[in-house]
There are 2 protein chains.
Amino acid sequence: MRKPVRRRAAALVTIDQVAHRAGVSLMTVSRVTNGHECVRERTRERVMRAIRELNYKPNPAARALAAARADRIALLYANPSAGYLSELLLGTLDGAGLTGCQLVVQKWEGADGGGERARARARQLARDADGVLLPPPLCESQPLTAALEGVQVPCVAIAAGLATPGMSCVRIDNRRAAHDMTTHLIRLGHRAMGFIKGDPNQSASAQRFEGFRHALADAGVPFNEAWVAAGDFSYRSGLRAAEHLLAARIRPTAIFASNDDMAHAVISVAQRRRLSVPRDLSVAGFDDTLMATTVFPELTTVRQPIAPMSQEAIALLLEATRRKRLNLDAEPEDRLFEHELIERDSCAPPRGASSATS
Amino acid sequence: MRKPVRRRAAALVTIDQVAHRAGVSLMTVSRVTNGHECVRERTRERVMRAIRELNYKPNPAARALAAARADRIALLYANPSAGYLSELLLGTLDGAGLTGCQLVVQKWEGADGGGERARARARQLARDADGVLLPPPLCESQPLTAALEGVQVPCVAIAAGLATPGMSCVRIDNRRAAHDMTTHLIRLGHRAMGFIKGDPNQSASAQRFEGFRHALADAGVPFNEAWVAAGDFSYRSGLRAAEHLLAARIRPTAIFASNDDMAHAVISVAQRRRLSVPRDLSVAGFDDTLMATTVFPELTTVRQPIAPMSQEAIALLLEATRRKRLNLDAEPEDRLFEHELIERDSCAPPRGASSATS
DNA sequence: TTGTATGCGTTATCAA
DNA sequence: TTGATAACGCATACAA
């Protein structure tokens with residue numbers, strides 16, 4: 001008889017310890033962490049408490065081995081602004097690392113092609129991954145969501161404008177965020193404020209615009225249709241919009257662009273016209289992507305907490321995955337996160353104005 | 001006595017099957033896949049053959065569980081052009097998925113701060129990951145590589161210009177790639193060719209410039225110092241460079257920028273000056289990042305096969321990790337990949353020229 | 001140099 | 001509703 005050899009430093013909390021502490025068998029703990037229904041409520045609570053107290057995290061490797069399947073979640077993207085994509089990638093990568101699940105990233109093209117092609121892709125996707133993360137604009141693509149629905153893959157929309165019916169969603173309050181930024185500009189002393197809208201196909205665009213208008217109204221600042229330009233979130237559209245706004249007979253003293261890419265474009269155009277930012281023109285963006293600190297001057301912008309949002313999205317997805325495996329149906333959740341106003345150097349009081357009103 | 005219950009469809013090839021086929025014990029197979037030295041050469045070969053024949057892939061989950069550690073490799077980045085970063089992320093994510101290893105992405109700031117801070121970060125990094133992937137410009141940052149060397153973490157440089165001594169490297173032949181692109185432009189009929197250099201701190205910059213000059217010389221096209229502008233790979237620097245080049249008394253008919261960001265800037269400036277790309281000016285980039293197809297017209301550029309390169313880099317890193325664990329020393333490898341010329345719409349024959357010479 | 005016997009942390013199966 | 005136990009596929013310690 002040889003003596004048993006311990007191979008771990010026993011540093012990690014395992015399921016046995018939780019079971020012991022909760023006074024149940026380890027199988028019961030397993031059932032709880034996997035969301036099985038057939039556990040008495042009181043038992044479940046005891047287990048949950050033990051889990052919290054010990055700060056137990058299931059070991060992903062052991063799970064994958066025993067269950068013969070790793071948690072794989074797919075991140076789809078399309079029309080990527082590189083800045084937004086890398087932000088998203090960074091965030092989801094973090095989240096995936098925390099939960100020990102695999103991230104599969106795929107470009108979704110031809111969502112507009114619709115029909116059979118989309119369904120075929122969706123079937124493939126259902127084989128490749130247990131859940132799908134949908135950033136804009138994909139979360140609002142009817143053919144895609146229909147195809148995904150068809151193959152029964154759990155989805156969660158991330159950073160959408162509105163919650164897509166039947167799909168979980170993780171987002172910020174775009175309307176309020178735009179309201180906050182606009183109010184900030186007004187406080188700086190701006191009265192002549194321009195706005196560049198985002199892609200009209202994304203609900204977030206309308207919300208941001210709404211926030212802008214309401215903030216003006218709330219502050220009693222007149223709204224001027226001539227200072228609103230259309231855009232689609234791309235740098236190029238920002239260029240056009242900026243040309244338009246800066247050619248106005250009376251120039252706005254500040255321009256709030258619906259995302260950082262377009263804000264960047266505004267700065268470019270302004271500089272070409274020998275306008276100094278922020279002395280002659282304040283520029284505000286939205287998203288706080290990498291670019292915000294790459295351009296000069298650095299952008300004042302609205303930060304979406306992409307990393308925490310991604311983590312929540314992944315957690316939601318994993319949860320949905322488990323429930324689906326047990327043939328339970330899941331209620332779509334709608335999680336709202338707090339945005340943050342990031343003040344950098346692209347905004348200042350307008351020329352000749354003595355700063356604040358408030 | 002209960003009968004054994006099989007829980008898998010037995011679809012996967014396991015180490016036992018390989019062992020059986022090779023006529024050895026499973027331990028020997030394990031030794032081979034982990035690169036232990038103490039396996040007779042003939043035995044190793046037999047095992048390798050069995051592995052190939054069965055197409056055996058070790059199960060990452062089982063590995064991680066048994067060894068109490070997942071393969072974790074860190075990807076460091078700094079000064080990220082968002083386009084390049086997302087390209088890199090996409091590529092390494094693919095590679096990581098294939099090998100079942102975890103990707104940890106971190107921003108490295110204050111590499112220039114040097115000294116103690118860098119060493120502290122490096123120590124932390126050594127705890128977080130078994131290997132580090134170093135894209136430019138980090139692979140050429142002396143303080144960083146020194147700090148990493150200090151904590152004995154295996155590193156591999158990806159897409160560097162030159163192989164850093166003592167470090168494995170995965171790259172393309174920048175000089176030849178630039179030569180090819182320049183030759184392509186010459187074949188289109190261009191004789192007045194501008195060039196925008198990259199960051200002088202990165203060796204790839206000099207190589208690309210060299211390729212440009214040599215291609216001119218090889219084709220007997222005169223080189224004009226006035227048509228060369230400095231840059232640092234950023235969009236902003238590209239803007240300045242383009243202004244400079246397009247203000248020249250005699251304008252170049254084509255501009256070859258050392259990366260896509262700067263090429264994008266050239267297009268912006270050209271359009272602002274009412275020059276049509278490619279009718280009045282051809283513009284070529286380098287890297288084939290996402291942006292290349294986002295701008296209008298789409299960029300003719302040089303493609304670095306980032307995804308395969310990342311995979312190779314990860315493989316190299318994992319190999320080095322294993323060897324290090326066994327206290328074997330690893331020879332640095334230098335892997336060269338083939339670039340590809342991507343012809344899109346930003347280049348055309350110059351005005352009034354009848355296309356080709358060749 | 002190679003092989004034997006466990007152990008890793010979890011889930012699936014089956015019985016209570 | 002809960003529990004006991006056998007996989008899961010591989011690596012480590014130790015023996016041969």
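First the proteins, then the strands, lettered A, B, ... as listed; each starts at 1. Since the structure is predicted, the reported quantities are computational estimates derived from the model, not experimental observations.
- Comparing atom distances between the S25(A) side chain and each of dG3(D), dA11(D), dT1(C) picks out dG3(D) as nearest.
- Under the salt bridge (charged side-chain N to carboxylate O under 4.0 Å, His left out) criterion, D334(A) pairs with R171(A), not counting sequence neighbours.
- Comparing L65(A) and M27(A) along DNA chain C, the residue whose closest nucleotide (by nearest heavy atom) sits nearer the 5' end is L65(A).
- Nearest approach of D130(A) to I73(A), heavy atoms of both residues: OD1-N, 4.5 Å.
- In this model, the phosphate group of dT1(D) is not approached by any side-chain N or O of T43(A) to a distance below 4.0 Å at OP1 or OP2.
- The distance from atom CD of E37(A) to atom C1' of dT1(D) is 13 Å, rounded to the nearest whole Å.
- Residue T14(B) places its side chain closer to dC10(D) than to any other of dG9(C), dC10(D), dG3(C).
- R69(A) has its CZ atom 9 Å from the P atom of dT11(C), to the nearest Å.
- Atom OH in Y56(B) sits about 7 Å away from atom C1' in dG9(D), given to the nearest Å.
- Within the 4.0 Å cut-off from OP1 or OP2 of dC10(D), not a single side-chain nitrogen or oxygen of T33(B) is found.
- In the set dC8(C), dT4(C), dT12(D), the nucleotide with an atom closest to the side chain of S30(B) is dT12(D).
- End-to-end axis angle of the helix from dT1(C)-dA16(D) to dA16(C)-dT1(D), using five pairs per end and rounding to 10°, comes to 30°.
- With rounding to whole Å, N59(A) atom CG is found 10 Å from dT11(C) atom P.
- Every residue two or more places apart in sequence or in another chain that forms a salt bridge (charged side-chain N to carboxylate O under 4.0 Å, His left out) with E41(A) is listed here: R44(A).
- No hydrogens or angles considered: nothing links the side chains of Q124(B) and R121(B) as a donor-acceptor pair under 3.5 Å.
- Among the heavy atoms of the strands lying under 4.0 Å from V39(B) are primed sugar atoms or P, OP1, OP2 only; no base atom is included.
- Here the P atom of nucleotide dT2(C) and the CD atom of E45(B) are 12 Å apart, to the nearest Å.
- The salt bridge (charged side-chain N to carboxylate O under 4.0 Å, His left out) check on R303(B) picks up D288(B), with sequence neighbours excluded.
- The listed nucleotides are dT13(C), dG3(C), dT10(C); the one nearest the side chain of R31(A) is dT13(C).
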Identify all side-chain donor-acceptor contacts of residues 142-160 of chain A below 3.5 Å with residues at least two apart in sequence or on another chain.
| unit_1 | atom_1 | unit_2 | atom_2 | d |
| --- | --- | --- | --- | --- |
| T145(A) | OG1 | S141(A) | O | 3.2 |
| T145(A) | OG1 | Q142(A) | O | 3.1 |

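- D16(A) pairs by the salt bridge (charged side-chain N to carboxylate O under 4.0 Å, His left out) definition with nothing, not counting sequence neighbours.
- Whole-Å rounding puts the R63(A) CZ to dT11(C) P distance at 5 Å.
- Taking for each of R40(A) and L26(B) the nucleotide of DNA chain D with the nearest heavy atom, the 5'-most of the two is the partner of R40(A).
- Atom-to-atom, NZ of K57(B) to P of dC8(D) comes out at 22 Å; the value is rounded to the nearest Å.
- Distance, D16(B) CG to dA11(D) P: 12 Å, rounded to whole Å.
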